[in-house]
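Inspection log for the structure reproduced underneath, given as structure tokens.
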Amino acid sequence: MKSENNKQESDSENGKGPSVDFIRAMVADDIKTDRWGGKVITRFPPEPNGYLHIGHGKAICLSFGIAAENRGGRCHLRYDDTNPVKEEERYADSIQEDIRWLGWDWGESLFYASDYFEKMYEYAVILVKKGLAYVCDLTFEEFSEYRGTLTTPGKESPSRTRSVEENLDLFRRMREGEFEDGSHVLRAKIDMKSPNLNMRDPVMYRIIHADHFRTGSKWCIYPTYDWAHGLEDSIEGVTHSICTLEFENHRPLYDWYLDKLAIHHPQQIEFARLELTYTVMSKRKLLQLVEDGHVNGWDDPRMSTICGMRRRGYSPGSIRTFCRRIGVNKFNSTIDIALLEHCLREDLNKSSRRVMAVLRPLKVVIDNFPESEVEWMDAVNNPGDPDAGTRKVPFSKVLYIEQDDFMEDPPRKFFRLSPGREVRLRYAYFITCTEVVKDEHGQIVELHCTYDPATHGGNAPDGRKVKSTLHWVSADQAKSAEIRLYEHLFTQERPEDVADGSDYTSNLNPNSLKVLTGCMVEPSLGKAEPGDRFQFERLGYFCVDPDGKDEKLVFNRTVTLRDTWAKVQKSQTR
RNA sequence: UGGGGAAUAGUGUAAUGGUAGCACGAUUGACUCUGACUCAAUUAGUCUAGGUUCGAAUCCUUGUUCCCCAGCCA
């Protein structure tokens, strides 16, 4: 796949800068008041336990975007690899690929939480020595019983009164592997009666005898998220630690650890995660779609994963624009996927080469065109970009047009070809349909037409008009292709809206993938490579799929063009 | 029924005491060698009830609704 390096920039719209969200306002204010000595250091901290999706895209564009917008700003890519049983190197690799593809650059700032394990251990020892952390040997069951509930306070663990010396000894032996998984934890000593459950003596370390993908068997105790995350931010000198809303309840704990340690203390800021209509976003559901075979892998073009969208043909710029345009807020909202598709079309319209391709071919014979003659017509590559130049497209006696572009008995407002009617073949000639050939089942298999030589190139010297212009390909020179048509993966705006007893999979769209074979595309597409994007005129945007090998061409339909005729048709049949 | 957040057109998002604006969508129309693009127009909103004020989406009080938290996940 071709690499696509995008400049890191703030995607400002229409000359006037995009509006300032509450986080950017906060950052700007911090700069004005010199809170961090003028520094802006953010971070994107994925756990390498799955593939990135468009929801992560929002977070990435936010943290990397804010860093890029501020002089000297930096955004770290930091793997939050604190749980060896869930994490894998291949995920870490895909995360880098996706962020880079989106157009962001972490420079030298690639970090791993696991590199800080020793430092974190030392910090933990400090808290133990201060009497602010203790080794607890409650079982799982006891532990949850002692925690209390949302409405009732918890009870203090009997281990809570252990001496500092004993805690130090026990904690060291935890690290040295003397104990079994689950037998002991290190907990912060805060307040078992706190109305915030996160403050009820939270776990800092648990024992997991498992190999970590980076540290191997060096450790058998691993820090929990709450303990680790603030330290990671602090160690790296992060100023603004931007995360999603569900961590709001964790902020007091984030603050508590850093306050007690009296070390660099970043500001945690929470925002609402992205939800999209007709889409699921959770890692769990995405995984289930893959594992249960509802889609063909993580990079299935119907997936909301970054790799899926890339394969589908989304441009990184369109995703960045989208992430900027949806804004940032503190309440959950569901974005209409039409906005994403709008950003996509807007970007692709500017950048895509136009070509002609026929999805469902209908043979057309031009009766008055010389038998074996081939005429090469000039076609514009991108009307919006003169620099894109022109190409030659072959025209001959036998052509294919789109089945949808002919109707024997046209309804009102159908402007395309029908018996006796004249239309234009784009960049070629005006043709008039003279005869319809059908098979024994009454199916239309072939059209006979005549062309007007005077309309060469598509213009009538007498100034007469036609109601429509069709795309076409010349039969002899056309390349055959497989084309995959996608629709939304789900039939419901909110896939979660289901009757009792069923789950979101009952809303899967059975028509989300339609594979067309025997499609005919113009010969210039023979040179197309995986990842190349085109506009198939009058149809939509298409992207070459890596499945195509040797002579075989495979395209994914990224998105259709807006289609006013389809709407008219729909309202007519209703 | 504990605590923490949050409510502006169908959707998303501005307006931080002074004309409720923008975008997407939808609907019309113009243009057109893509029924695309572009352009123009229409559509439609401050959760409720009080209060402060010359003036409230914004400040105060009340109610309602929604989201998050009881992993040794992140």
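In this text, all values refer to a predicted model and were calculated from it rather than measured experimentally. Note on naming: letters A, B, ... go to the chains in the order of the sequence lines (proteins, then strands), and numbering restarts at 1 for each one.
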Query raised in the report: Considering residues at least two apart in sequence or located in another chain, which fulfil the side-chain contact (heavy atoms from CB on, under 4.5 Å) criterion with A/Tyr91?
Result: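 Scan of A/Tyr91 (side-chain contact (heavy atoms from CB on, under 4.5 Å), adjacent residues dropped) gives A/Pro48, A/Tyr51, A/Glu88.
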Sort me out a list of protein N/O and nucleotides 45-48 of chain B N/O pairs below 3.5 Å, or just none if empty.
none

Requested in this report: Name the residue closer to the 5' end of RNA chain B, choosing between A/Ile326 and A/Tyr427 according to the nucleotide with the nearest heavy atom.
Outcome: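 By nearest-heavy-atom nucleotide position, the 5'-most residue is A/Ile326.
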Query raised in the report: Which glycosidic conformation, syn or anti, is assigned to B/G10 if syn requires a torsion within 90° of zero?
Result: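 You should classify B/G10 as anti.
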Report task. Scan A/Ile54, A/Val559, A/Ile319 and name whichever one has a side chain to side chain contact (heavy atoms under 4.5 Å, CB included) with A/Tyr314. Result ->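 Answer to the side chain to side chain contact (heavy atoms under 4.5 Å, CB included) test with A/Tyr314 among A/Ile54, A/Val559, A/Ile319: A/Ile319.
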Quickly work out the [X] [atom1] to [N] [atom2] distance and round it to whole Å.
X: A/Glu493; N: B/G25; atom1: CD; atom2: P; result: 14 Å
X: A/Arg251; N: B/C68; atom1: CZ; atom2: C1'; result: 13 Å
X: A/Phe322; N: B/G25; atom1: CZ; atom2: C1'; result: 14 Å
X: A/Lys330; N: B/G12; atom1: NZ; atom2: P; result: 18 Å
X: A/Asn332; N: B/U8; atom1: CG; atom2: P; result: 12 Å
X: A/Glu248; N: B/G5; atom1: CD; atom2: P; result: 6 Å
X: A/Leu276; N: B/U13; atom1: CG; atom2: P; result: 12 Å
X: A/Glu275; N: B/C67; atom1: CD; atom2: C1'; result: 10 Å

What residues form a salt bridge (charged side-chain N to carboxylate O under 4.0 Å, His left out) with [X], not counting sequence neighbours?
X: A/Lys413; answer: none
X: A/Glu89; answer: none
X: A/Arg416; answer: A/Asp405

Given the [atom1] atoms of [N] and [M], what is the spacing between them in whole Å?
N: B/G25; M: B/U64; atom1: C1'; value: 29 Å
N: B/U48; M: B/U62; atom1: C1'; value: 9 Å
N: B/U52; M: B/A14; atom1: P; value: 31 Å
N: B/U58; M: B/U53; atom1: C1'; value: 13 Å
N: B/C24; M: B/C39; atom1: P; value: 9 Å
N: B/G51; M: B/U11; atom1: P; value: 30 Å
N: B/A57; M: B/U16; atom1: P; value: 13 Å
N: B/C22; M: B/U46; atom1: C1'; value: 16 Å

Is [X] positioned over the aromatic face of [Y], cation under 6.0 angstrom from the ring centre and no more than 45 degrees off axis?
X: A/Arg214; Y: A/Tyr112; value: yes
X: A/Arg78; Y: A/Phe44; value: no
X: A/Lys330; Y: A/Phe271; value: no

**Report entry** Mutual orientation of the aromatic rings belonging to A/Tyr225 and A/His250 [parallel < 30°, tilted 30-60°, perpendicular > 60°]
**Finding:**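 Because their plane-to-plane angle is over 60°, the rings of A/Tyr225 and A/His250 count as perpendicular.
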Query raised in the report: Checking all strands, does A/Thr82 fall into the base, sugar-phosphate, or nothing category for heavy-atom contacts under 4.0 angstrom?
Result: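 It contacts sugar-phosphate atoms only.
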Query raised in the report: Reckon A/Phe247 touches a base, only the sugar-phosphate, or nothing at all at heavy-atom distances under 4.0 Å?
Result: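 A/Phe247: base contact, heavy atoms under 4.0 Å.
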Requested in this report: Look at the side chain of A/Arg325 and decide which nucleotide, out of B/A23, B/U13, B/G2, has an atom nearest to it.
Outcome: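 For the A/Arg325 side chain, the nearest candidate turns out to be B/A23.
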Query raised in the report: What residue pairs, at least two apart or across chains, pass salt bridge (charged side-chain N to carboxylate O under 4.0 Å, His left out) with a residue in residues 182-195 of chain A?
Result: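 Qualifying pairs: none.
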Query raised in the report: Does anything in residues 147-156 of chain A pair up under salt bridge (charged side-chain N to carboxylate O under 4.0 Å, His left out), and if so which pairs, sequence neighbours excluded?
Result: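 Passing the test, one end in residues 147-156 of chain A: A/Glu145-A/Lys155, A/Glu156-A/Arg160.
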Query raised in the report: When you look for runs of 3 or more Watson-Crick or G-U pairs in a row, both distances below 3.5 Å, which of them include RNA chain B?
Result: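 Stems for RNA chain B, defined as runs of 3 or more consecutive pairs: B:2-7 with B:64-69, B:10-13 with B:21-24, B:25-30 with B:38-43, B:49-51 with B:59-61.
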Query - Residue pair A/Thr149 / A/Thr152, side-chain donor-acceptor N/O under 3.5 Å - result: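 A donor-acceptor contact under 3.5 Å links the two side chains.
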Query raised in the report: Under 3.5 Å, is there a donor-acceptor pair between the A/Glu232 and A/Tyr79 side chains?
Result: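 No pair is found: no donor N or O on one side chain lies under 3.5 Å from an acceptor on the other.
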Short heteroatom pairs, N/O only, protein and nucleotides 34-43 of chain B, under 3.5 Å:
{"from": "B/U34", "atom 1": "N1", "to": "A/Glu537", "atom 2": "OE1", "distance (Å)": "3.4"}
{"from": "B/U34", "atom 1": "O2", "to": "A/Gln535", "atom 2": "OE1", "distance (Å)": "3.0"}
{"from": "B/U34", "atom 1": "O2", "to": "A/Arg538", "atom 2": "N", "distance (Å)": "2.8"}
{"from": "B/U34", "atom 1": "N3", "to": "A/Gln535", "atom 2": "OE1", "distance (Å)": "2.6"}
{"from": "B/U34", "atom 1": "O4", "to": "A/Arg354", "atom 2": "NH1", "distance (Å)": "2.4"}
{"from": "B/G35", "atom 1": "OP1", "to": "A/Arg538", "atom 2": "NH1", "distance (Å)": "2.7"}
{"from": "B/G35", "atom 1": "O2'", "to": "A/Thr564", "atom 2": "N", "distance (Å)": "3.4"}
{"from": "B/G35", "atom 1": "N7", "to": "A/Arg416", "atom 2": "NH1", "distance (Å)": "2.3"}
{"from": "B/G35", "atom 1": "O6", "to": "A/Phe415", "atom 2": "N", "distance (Å)": "3.0"}
{"from": "B/G35", "atom 1": "N1", "to": "A/Lys413", "atom 2": "O", "distance (Å)": "2.7"}
{"from": "B/G35", "atom 1": "N2", "to": "A/Lys413", "atom 2": "O", "distance (Å)": "3.2"}
{"from": "B/A36", "atom 1": "OP1", "to": "A/Thr564", "atom 2": "OG1", "distance (Å)": "2.5"}
{"from": "B/C37", "atom 1": "OP2", "to": "A/Arg562", "atom 2": "NH1", "distance (Å)": "3.2"}
{"from": "B/C37", "atom 1": "O2'", "to": "A/Asn349", "atom 2": "ND2", "distance (Å)": "3.2"}

Tabulate protein N/O versus nucleotide N/O from nucleotides 69-72 of chain B, keeping only pairs under 3.5 Å, one per line.
{"from": "B/C69", "atom 1": "O4'", "to": "A/Asn249", "atom 2": "ND2", "distance (Å)": "3.3"}
{"from": "B/A70", "atom 1": "O3'", "to": "A/Arg147", "atom 2": "NH2", "distance (Å)": "3.3"}
{"from": "B/A70", "atom 1": "O2'", "to": "A/Arg147", "atom 2": "NE", "distance (Å)": "2.8"}
{"from": "B/G71", "atom 1": "OP2", "to": "A/Arg147", "atom 2": "NH2", "distance (Å)": "2.8"}
{"from": "B/C72", "atom 1": "OP1", "to": "A/Arg147", "atom 2": "NH1", "distance (Å)": "3.4"}
{"from": "B/C72", "atom 1": "OP2", "to": "A/Arg147", "atom 2": "NH1", "distance (Å)": "3.1"}
{"from": "B/C72", "atom 1": "N4", "to": "A/Leu138", "atom 2": "O", "distance (Å)": "3.2"}
{"from": "B/C72", "atom 1": "N4", "to": "A/Gly182", "atom 2": "O", "distance (Å)": "3.1"}

Requested in this report: Only pairs at least two apart or in different chains count here, so list each side-chain hydrogen bond (donor to acceptor under 3.5 Å, both in side chains) that has a residue in residues 452-467 of chain A.
Outcome: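 The answer is A/Glu375-A/His456, A/Glu422-A/Arg464, A/Asp452-A/Arg464, A/Asp462-A/Arg464.
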Query raised in the report: Which residues satisfy the ring pair (Phe, Tyr, Trp, His ring centres under 6.0 Å) test with A/Tyr278, sequence neighbours excluded?
Result: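 Expected list: A/His488.
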If you compare every side-chain N and O of [X] against the phosphate oxygens of [N] (OP1, OP2), does one of them come in below 4.0 Å?
X: A/Ser333; N: B/U13; answer: yes
X: A/Lys567; N: B/A26; answer: yes
X: A/Asn329; N: B/A14; answer: yes

Query raised in the report: When rounded to the nearest 0.5 angstrom, what distance separates CG in A/Asp347 from OG in A/Ser315?
Result: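 Nearest 0.5 Å value for the CG-OG distance: 3.5 Å.
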